[in-house]
Amino acid sequence: MMPSQKLVFLPDPDIARSCYVSDNAQYKQMYQKSIENPSEFWGEIADNFYWKRPIDFDNFNRFNFDFRKGPIFTKWLDGATTNISYNLLDRNIRNGNGKKIAFFWEGNDPRNSKHITYAELLSEVCRFANVLKSRNVQKGDRVAIYMPMILEAVITMLACTRIGAVHSLVFAGFSADSFAERITDCQARVMVTADATWRGQKLIKLKNICDESMDICQKKGHTVDTCIVVAHMQRSELPTGVSRVQYTAPMLNCRDFWWHEIVPGASANCPPEWMQAEDPLFLLYTSGSTGKPKGVLHTTGGYLLYAATTFKFVFDYKPGDIYWCTADIGWITGHTYVVYGPLANAATSVIYEGTPFYPTNSRYWEIVEKYKVNQFYTAPTAIRTLMKFGEDIVKKNNLTSLRILGSVGEPINPEAWLWYYKNIGREKCSIVDTYWQTETGGHIITPLPGVTAMKPGAASSPFFGVQPILLDDNGKEIEGEGEGYLVFSRPWPGIMRTLFNNHDRYEETYFKKFPGYYFSGDGARRDSDGYLWVTGRVDDMLNVSGHLMSTAEVESVLTEHSSVTEAAVVAKPHPIKGECLYCFITIAENAVFNDQLQTELKQLVRERIGPFAQPDVIHNAPGLPKTRSGKIMRRILRKIAQDDHDIGDISTLADSGIVDVLFKTKPNTQR
Ligand code: WT7
């Protein structure tokens with residue numbers, strides 16, 4: 001056992017006392033009820049929301065996780081009808097929150113900021129919903145969203161839900177190719193974007209990327225007929241050091257429309273479309289180990305309950321609190337914990353457009369002080385980056401408003417946890433290390449801020465309604481202490497329902513390996529206190545700065561290059577990013593391995609996938625370690641990437657000599 005695993009920090013008594021769940025007995029009692037009597041547990045929570053057609057308690061939750069018994073499915077509250085935007089906006093306004101601020105928006109430049117109340121948000125959502133209707137968007141239609149962190153992104157999402165359209169956001173750091181692949185997969189006819197956005201001093205010309213992706217779609221035979229563009233440039237201050245910009249977004253007649261020319265004139269009244277609890281709410285693409293992204297589909301009723309409940313208890317959100325999640329709206333964290341969870345609780349949140357490093361490296365802490373943030377939720381990679389700048393920079397700002405700190409995206413290393421706890425949390429704040437996935441809809445293993453004795457690096461305990469199980473290689477359940485595959489034998493309300501248009505792949509990916517269980521793809525360990533420690537992916541997936549991608553998708557990009565005959569990509573530990581890409585390539589006989597080739601390959605990956613996927617190391621490999629049947633042994637490649645000579649058994653290799661050759665040809669990466 002590593003020494004750090006013995007470290008335990010109790011929640012601060014002042015903080016714990018005021019939490020919704022403030023002692024272990026209460027957590028246990030609530031947890032037990034959620035498992036033994038889910039309809040009563042979730043039914044009481046559902047009473048806080050509006051159901052047009054009421055919940056049928058005889059039909060509260062049905063599911064099948066065992067493919068041997070028939071198709072896999074999960075249904076919650078089937079038969080009830082509701083509308084998400086109604087619950088997030090109209091309901092809160094009726095409860096007296098119309099004048100309450102829903103979002104403080106903080107621009108990339110500190111001179112740009114504004115806020116929007118619940119009542120104003122409802123009007124804007126209705127206007128935009130009417131615009132979508134006027135472009136013939138109907139219930140069930142998909143709308144592609146490629147937007148920066150601006151209020152219109154939230155407005156667009158909620159406008160979709162108002163009329164029953166299904167939004168599909170693509171993180172605006174994905175390339176035109178990646179965006180086009182996602183648009184064609186879900187056949188979105190309508191796209192919403194902005195002309196451009198500043199990330200620090202860097203201008204990202206979003207509309208150009210959208211144009212490129214619409215061209216790619218067209219070539220594949222799919223037409224986007226409407227593209228609505230927020231003019232964000234003209235209202236943004238220029239970053240310091242930039243004197244002027246020459247960028248006007250190209251606009252195509254009859255297809256492209258400026259937001260400000262069509263939205264303000266639309267009616268601010270739009271009755272909600274009443275949706276079935278199991279109607280699709282949104283889809284969000286996530287990487288799959290075969291390379292082609294998977295369209296994870298979430299539905300209406302269960303997701304609403306789960307987003308609302310996890311937000312309330314994990315962040316202990318109380319009326320009057322100011323909450324800030326730094327995640328981009330294009331990831332699941334942005335969906336559940338920037339938009340749906342906070343709004344379902346009538347929360348006031350901060351949305352920030354820029355980076356942690358502009359104008360200075362203390363921007364995050366300035367924002368915490370400016371808005372007196374109570375709950376701050378970010379990723380380990382951000383913490384590790386900010387640690388580099390030292391502790392003095394943190395002392396410049398008053399961070400005493402903070403009560404709860406969150407971490408998400410990958411296991412947090414104890415060193416980063418301790419830095420976060422000491423320097424940001426003043427050794428007072430509770431840290432919630434929230435484990436979950438795009439697929440799970442919300443937190444599933446997490447500490448609770450008023451209860452859990454915190455162990456740095458442990459996601460700790462299941463949330464209400466969640467029953468984690470560890471399996472060994474034979475699929476046998478591990479009781480007590482041990483390490484194995486992390487699976488779940490029953491659904492919670494927020495779990496994904498299918499992969500868009502591909503239910504077979506859904507069953508194959510998540511339910512085939514261990515019949516009767518949802519398999520997360522992660523490994524985990526249970527310690528002697530029953531705490532869960534998520535150890536990371538056990539499949540061919542990489543997690544770079546919290547961005548999940550598959551080795552296969554990067555390999556297929558590398559082999560597109562005419563000089564590359566074969567490629568194998570593995571994860572290499574990285575001090576800031578958590579993991580980085582180490583790429584082994586074998587080159588064609590007539591090709592030359594030089595700086596230019598490396599630059600071209602890096603560029604290709606940026607273009608095809610996005611800048612965040614850029615390889616760190618490209619290794620000119622004369623050959624790859626393969627079994628006699630030709631399967632690349634990634635286990636060995638991972639060791640080589642880490643310069644770990646303790647390779648283990650290589651007797652199954654067709655040519656064991658290749659291992660030495662690869663150690664000898666390693667590029668110098670000790671930078
Ligand atoms: C994968 C899911 C959940 C939103 C962000 C990522 C890893 C996520 C933790 C954590 C250890 C974590 C897992 C998971 N992961 N949070 N607290 N501790 N690992 O969503 O892109 O769907 O990635 O991220 O490996 O499977 P995602």
Side-chain angles (χ1 to χ4, degrees), residues 169-171 173-174 282-289 293-298 306-307 310-311 314 325-341 377-384 405-414 416-417 420 431-447 452 454-463 466 468 483 485-488 494-496 499 509-510 518-525 531-550 553 571 577-579 609-610 612-613:
L169 278 90
V170 176
F171 170 58
F174 273 111
F282 64 81
L283 53 112
L284 182 58
Y285 285 87
T286 187
S287 290
S289 53
K294 304 174 290 200
V296 169
L297 187 108
H298 285 286
Y306 204 68
T310 48
F311 178 79
V314 175
C325 166
T326 67
D328 192 278
I329 208 148
W331 305 111
I332 190 69
T333 310
H335 286 56
T336 309
Y337 299 112
V338 173
V339 182
Y340 291 104
Y377 191 29
T378 196
T381 183
I383 299 165
R384 288 191 297 262
L405 303 174
S407 171
V408 60
E410 57 178 311
I412 180 167
N413 49 312
W417 194 102
Y420 199 25
I431 296 190
V432 287
D433 173 1
T434 60
Y435 165 80
W436 59 298
Q437 312 176 294
T438 303
E439 292 87 339
T440 69
H443 309 142
I444 53 171
I445 300 177
T446 175
T452 313
M454 297 166 277
K455 298 192 185 188
S460 305
S461 325
F463 189 73
V466 177
E483 184 164 347
Y485 299 102
L486 179 60
V487 302
F488 302 86
I495 194 176
M496 70 188 299
L499 289 174
T509 310
Y510 303 102
Y518 165 80
F519 176 38
S520 63
D522 287 304
R525 191 164 43 77
Y531 276 58
L532 289 164
W533 301 70
V534 177
T535 49
R537 307 290 309 182
V538 298
D539 47 17
D540 291 333
M541 302 288 275
L542 297 120
N543 190 328
V544 181
S545 304
H547 302 324
L548 210 59
M549 64 194 85
S550 69
E553 74 187 306
K577 298 193 264 192
E579 290 183 335
I609 304 173
F612 55 85

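When a ligand or atom number is given, it counts from 1 through the structure's own listing order. Residue numbers count from 1 along this sequence.
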Distance flag, aromatic centroids of Phe463 and Tyr306, threshold under 6.0 Å: yes
Could you tell me which atoms of ligand 1, counted from 1 in the order shown, lie closer than 4.0 angstrom to a heavy atom of [X]?
X	value
Val534	11 (C), 19 (N)
Pro411	11 (C), 18 (N), 19 (N)
Ile332	4 (C)

Ignoring angles and geometry beyond distance, decide whether [X] reaches within less than 3.5 Å of ligand 1 through its nitrogen or oxygen atoms.
X	result
Thr438	yes
Arg537	yes
Thr333	no

- prompt: Of the backbone atoms (N, CA, C, O) and the side-chain heavy atoms from C-beta on, which set of Glu410 has a member under 4.0 Å from an atom of ligand 1: side chain, backbone, both, or neither?
  reply: backbone
- prompt: Under 4.0 Å from ligand 1, counting heavy atoms only, is it the side chain of Asn543, its backbone, both or neither?
  reply: side chain
Protein contact of [atom] - nearest heavy atom, named by residue and atom, plus distance:
atom	answer
atom 3 (C) of ligand 1	Trp436 O, 3.1 Å
atom 23 (O) of ligand 1	Leu548 CD2, 3.6 Å
atom 25 (O) of ligand 1	Asp522 OD1, 2.7 Å
atom 7 (C) of ligand 1	Gly409 O, 3.3 Å

query: Which residues satisfy the side-chain hydrogen bond (donor to acceptor under 3.5 Å, both in side chains) test with Tyr337, sequence neighbours excluded?
result: Thr310, His443
message: Side chains of Phe171 and Phe612, heavy atoms from C-beta outward: is any pair under 4.5 Å?
response: yes
- prompt: Should Gly536 be listed as contacting ligand 1, given a heavy-atom distance under 4.0 Å as the test?
  reply: no
- line: By salt bridge (Lys or Arg N to Asp or Glu O under 4.0 Å), Glu579 pairs with (sequence neighbours left out) none
